[in-house]
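One structure is given below, encoded as structure tokens.
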Amino acid sequence: MEKRVELYTGKAKSVFTTDDPDRYVMVFRNDTSAFDGKKKAQLDRKGMVNNKFNAFIMQQLAAAGIASHFEKLLSDNESLVKRLEMLPLECVVRNVAAGSICRRYGVQEGLELNPPTFEFFLKSDALGDPMVNEYHIRSFGWASQAQIDRMKELTFKINDVLKPLFQRGNMLLVDYKLEFGLFQGEVLLGDEFTPDGCRLWDKDTREKLDKDRFRQDLGNVVESYELVGKRLGVNFD
Ligand code: C5P
């Protein structure tokens, strides 16, 4: 497999084509950003930590029968993935209230959400990722009803796998964002699952161990990501 041209550069990852038209190389960089790219930094070792963290989670999901674009680790900061036709949506499940849901509905951070709640957002930096409903998604043609149903089903199945996984590491999976795409007509999990796209709290102290450390200037960002990984059994060597 040969890495060829850079196709896309996101805020923290880049995607390269390969000699296989159905495979891409996803590169995790040390860049981090928050607040629609308004706050930015370079964090040593972040690319490596997130690449290995993501590989571990995708492998856990595969073992539980949930397919994703992830195929294998290629190096410290690169993974081989299937080429997906991405659906322009972000799927968020929340087990506990934090972040934007607290601002929107005036609820206290830490409120347990039973049942967990689900939200769709349109992936659009220019519009600030607005929340959208299923009618918007169908009326604007972003996805079909069958694809909407599959994204919701997979996002909740992933909660059933990851909540107990983090629980075993003495952590609370507060919320997370997933993105899906199509591969040969099938809806597959794409993008990444790392502490950049979820909230994780220590179960006893409620200490924040995710990207909120960067958003809120709490320090030790990469150290916390690595600690989370080590508690799950991720090998960063
Ligand atoms: O900001 P908000 O509370 O809506 O975020 C919910 C979850 O989705 C958080 O875990 C956050 O890190 C993640 N998220 C993300 N990328 C975005 C928006 C939210 O990873 N563009």
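Read the numbers this way: they start at 1 and go in the same order the structure lists the ligands and their atoms.
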**Message:** I need the single residue from Ile101, Val93, Val92 that forms a side chain to side chain contact (heavy atoms under 4.5 Å, CB included) with Thr117. Which is it?
**Reply:** Ile101

**Prompt:** Heavy-atom contacts under 4.0 Å between Lys123 and ligand 1: side chain, backbone, both, or neither?
**Reply:** neither

**Request:** Please lay out, stage by stage, how Asn95 and Asn159 fare under the test side-chain hydrogen bond (donor to acceptor under 3.5 Å, both in side chains).
**Result:** CA-CA 9 Å; Asn95 295 306; Asn159 206 28; 2.9 Å; yes

**Message:** To check your reading of the model: name the closest protein heavy atom to atom 14 (N) of ligand 1, its residue, and the distance in Å.
**Reply:** Lys177 CB, 3.7 Å

**Prompt:** Residues in side-chain hydrogen bond (donor to acceptor under 3.5 Å, both in side chains) with Tyr225, at least two apart?
**Reply:** Asp196

**Asked** How close does the nearest protein non-hydrogen atom get to atom 5 (O) of ligand 1, and which residue and atom is it?
**Response** Arg199 NH1, 3.5 Å

**Prompt:** Does ligand 1 have an atom that lies less than 4.0 angstrom from a heavy atom of Asp196?
**Reply:** yes

**Request:** Output the list of atoms in ligand 1 that are nearer than 4.0 Å to some heavy atom of Gly99, sorted by atom number.
**Result:** 3 (O)

**Complete:** re atom 9 (C) of ligand 1, the protein heavy-atom contact at minimum distance is Asp175 OD1, 3.2 Å

**Prompt:** Looking at Phe121, does the NZ or CZ of Lys177 lie under 6.0 angstrom from its six-membered ring centre and within 45 degrees of the ring axis?
**Reply:** no

**Request:** Below 4.0 angstrom from a heavy atom of Cys198, which ligand 1 atoms are there? Numbered from 1 as shown, please.
**Result:** 10 (O), 12 (O)

**Item:** Closest non-hydrogen atom pair between Ser79 and Leu73, with its separation
**Value:** OG-CD2, 3.6 Å

**Prompt:** Centre of Phe166's six-membered ring, under 6.0 Å away, within 45 degrees of the axis: is that where NZ or CZ of Arg168 sits?
**Reply:** no

**Prompt:** Looking only at N/O atoms, are Tyr176 and ligand 1 under 3.5 Å apart anywhere?
**Reply:** no

**Location of contacts on Arg215 toward ligand 1, heavy atoms closer than 4.0 Å** = side chain

**Message:** Can you name the atoms of ligand 1, numbered from 1 with element, that are less than 4.0 Å from a heavy atom of Asp129?
**Reply:** 21 (N)

**Prompt:** Where is the nearest protein heavy atom to atom 4 (O) of ligand 1: which residue, which atom, and how far?
**Reply:** Ser100 OG, 2.5 Å

**Per-atom contacts, ligand 1 versus Gly197 - under 4.0 Å to a heavy atom** = 10 (O), 12 (O), 13 (C), 20 (O)

**Asked** Do Glu119 and Arg104 sit within salt-bridge range, that is, some charged N less than 4.0 Å from a carboxylate O?
**Response** yes

**Prompt:** Between Val174 and ligand 1, which residue portion shows a heavy-atom distance shorter than 4.0 Å: side chain, backbone, both, or neither?
**Reply:** neither

**Asked** Where's the contact between Glu119 and ligand 1, heavy-atom distance under 4.0 Å: side chain, backbone, both or neither?
**Response** neither

